[in-house]
Protein chains: 2
Amino acid sequence: MPELSERAQYLLKALTERYIREGQPVGSRTLARDAGLKLSPATIRNVISDLEEMGLVCSPHTSAGRVPTVLGYRLFVDTLLSVQPLEDSLVDDFKLSLGADTDAKDLAEIASKLLSDVTRMAGVVTLPRRDHAALQRVEFLPLSEQKVLAVLVIDDQEVRNCILQTERNYSASELQQYSSFLNEQFAGRELNEVRRRLVSELRETRENLNRMMATALEMADQVLGEAEQGSDYVLAGQTNLMEFEELCKVNTLRHLFEAFNEKRHILHLLDQCVENEGVQIFIGEESGYQMLDECSLVTAPYSVDGQVLGVLGVIGPTRMAYERVIPIVDATARILSAALNPKD
Amino acid sequence: MPELSERAQYLLKALTERYIREGQPVGSRTLARDAGLKLSPATIRNVISDLEEMGLVCSPHTSAGRVPTVLGYRLFVDTLLSVQPLEDSLVDDFKLSLGADTDAKDLAEIASKLLSDVTRMAGVVTLPRRDHAALQRVEFLPLSEQKVLAVLVIDDQEVRNCILQTERNYSASELQQYSSFLNEQFAGRELNEVRRRLVSELRETRENLNRMMATALEMADQVLGEAEQGSDYVLAGQTNLMEFEELCKVNTLRHLFEAFNEKRHILHLLDQCVENEGVQIFIGEESGYQMLDECSLVTAPYSVDGQVLGVLGVIGPTRMAYERVIPIVDATARILSAALNPKD
DNA sequence: TTTAGCACTCATTGAGTTGGAGTGCTAACA
DNA sequence: TGTTAGCACTCCAACTCAATGAGTGCTAAA
């Protein structure tokens, strides 16, 4: 990519900003008026023509103004953007809303709602991964004929339960034995470590023919398997996307909403953002998913104790106010991280 | 409403069926050919003209054919419809899919998916109300500083837990005392009865200054309050609705999808169907909700032990194949009922 | 009661027209 | 060499206009 003159950069910025604001292809005359430079439309045409050659802008048809391409947006976002600082009042609002002492899922829902409300686009938050969370305790309770209730206490905020189908009946005291055995062994360890060690221990105890331990371990294994509720996300404000001209073709919307329902693809995309520290942006086709061709995704990971637990973000048209959305997503990720941190 | 001649009825039926099939206003010529009656278009025009006077059909504009009105659909559905029996293979499929031994929520999700897949419209299933379900057991477990985990075993299939914030720490044995006290009192009783009795018992024990009982009751009260996860529903196949011409205005879709997200309205509507035994149908504006003006809703309640637990149904355009949807909804309700019944 | 005939209405389609916005190119200017 | 004015050109969007065709209502005859 050849170097871009100061002026060309400035004009690309002006053009992109104008287009984001107005949604209409912008022509040389408009730009001349708008940009504040003392240049005639003709001069501007020359510059813009260079930008076009570099693939940063294009015109939808011969006699229309120019529109940023994905590449143009990319350059704009990476090097030209002047990010606005966020109003304190908004941050306070967010902190308040995410301050309630509820479980992770509720927080995710609140956060996605906040994101969608403030940006008037769609907000998305993946549920926190719990691989690295510490297992606090396991409890087994007899339920009924050949059914045992297993309760998995992960931390103060999250408890999962699942119902095990067993081969025979177990008494409460027997189950108590199992759980205290397991707690001795595994309490305080990370879930994925527990998972790993379960496998090896199982093999070992089977060899040793220790019936009681084996049963306990088998149960634990089953619980972890069940509780392994594959990663998931919550979405809010999908309908906001219907307000944007450029997405308002029924077919575009259908593909988009099908993807939202299907979840697989969106999840895969969001997973890619876990790696990256800080705000990450996919513009248009960059995502690699066709249904997002006319959309951009702005994400940021959230974490607890330096462990990234998930990702949140905003989905909207490529023509979105990045300079506003970016700080919002960034701040929300921080606030959510704080909310998830054990406060004591 | 004046009596309708045999012939008029027949023609209304033919017209409605044709319109449902083709989606185009049907004219007298078409109807003459289609209906199998040996009548000229002119004659048919006379009859149709009567139907129009009665408000059963109308024409979108002067020189178009006729389309059934809501009233026309109503008459069609109530008295003219020939419901097709369902293929056994489909019923078997449904039974298989709903046979798995999972919890109520999963079943509801499967059912709504089935409904939407088979009808190519949107399937909806309310989560089962648990007011009349028997409380099997309560357990309290100490979690951490001033936090107690309460587990509510409702029946073999459903367990709820919630985390209580308490004023001081409780030991495991103390909590054990509470839960066994509560289980003695309430196990086996219906949830709403438990709720009712809790209130009065609380008042009584407070007067008696029985500290221990009071605490136990207060905890139970809190649990029930928390677990009171207001009624809810699951929806599948919303995007199918985008395939229908008549709903494909972005605005219509937006209102519809907003209603789906909002849930309140749809729930209220579905609640009305609990009363009615068997299949109930809302056609177009009959629902009273504007966003459903161009939709119909076909529902049937499902129940266990004669207790209606919820409603399921299909949402689609008014122009839907009622004769097919009705038996599908009916059968699904039966199969879901069976699946929820304790099998032992 | 049914039918044929006819005049009439109205949505839809496609072709032709116009106006405006914007471009690219060229030649002149600083 | 960079900047500007002028001009021909392109294309979209909006509009008009006429033709088409599906369907109706009415009337009078079978």
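Per chain, numbering begins at 1; letters A, B, ... match sequence-line order.
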What contact category does [X] fall into here, base, sugar-phosphate, or nothing, at under 4.0 angstrom with non-hydrogen atoms?
| X | result |
| --- | --- |
| A:E52 | sugar-phosphate |
| B:A42 | base |
| A:S59 | nothing |

For [X] and [N], what is the distance between atoms [atom1] and [atom2] respectively, to the nearest whole Å?
| X | N | atom1 | atom2 | value |
| --- | --- | --- | --- | --- |
| A:L37 | D:dG2 | CG | P | 17 Å |
| A:D50 | D:dT3 | CG | P | 11 Å |
| A:K38 | D:dG2 | NZ | C1' | 18 Å |
| A:N46 | C:dT26 | CG | C1' | 11 Å |
| B:R29 | C:dG5 | CZ | P | 12 Å |
| A:D34 | C:dA21 | CG | C1' | 16 Å |
| A:I48 | C:dG24 | CD1 | P | 10 Å |
| B:R66 | D:dA22 | CZ | C1' | 13 Å |

statement: dist A:R66:CZ -> A:R18:CZ (nearest 0.5 Å) comes out at 16.0 Å

message: Please report the interatomic distance CG(B:L235) to NZ(B:K263), rounded to the nearest 0.5 Å.
response: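 Here the rounded value is 8.0 Å.
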
task: For B:S112 and B:V125, indicate whether the former's side chain and the latter's backbone hold a donor-acceptor pair under 3.5 Å.
output: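 The answer is no, because no donor-acceptor pair under 3.5 Å joins these two groups.
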
message: Pairing donors with acceptors under 3.5 angstrom, does anything connect the side chains of B:Y73 and B:S296?
response: no

query: Side chain of A:R45, base of C:dG24: donor and acceptor closer than 3.5 Å?
result: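 Such a pair is found, so the answer is yes.
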
- prompt: Is there a donor and acceptor pair, one atom on the side chain of A:S63 and one on the base of D:dC11, closer than 3.5 Å?
  reply: yes

message: On DNA chain C, compare the nucleotides closest to B:T43 and B:T62; which residue's is nearer the 5' end?
response: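 Per heavy-atom nearest nucleotide, the more 5' residue is B:T43.
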
message: Side chain of A:S40 only, heavy atoms from C-beta on: which candidate in C:dG22, D:dT4, C:dA4 is closest?
response: D:dT4

field: Parallel, tilted or perpendicular: rings of B:H268 and B:Y289 (30°, 60°)
entry: perpendicular

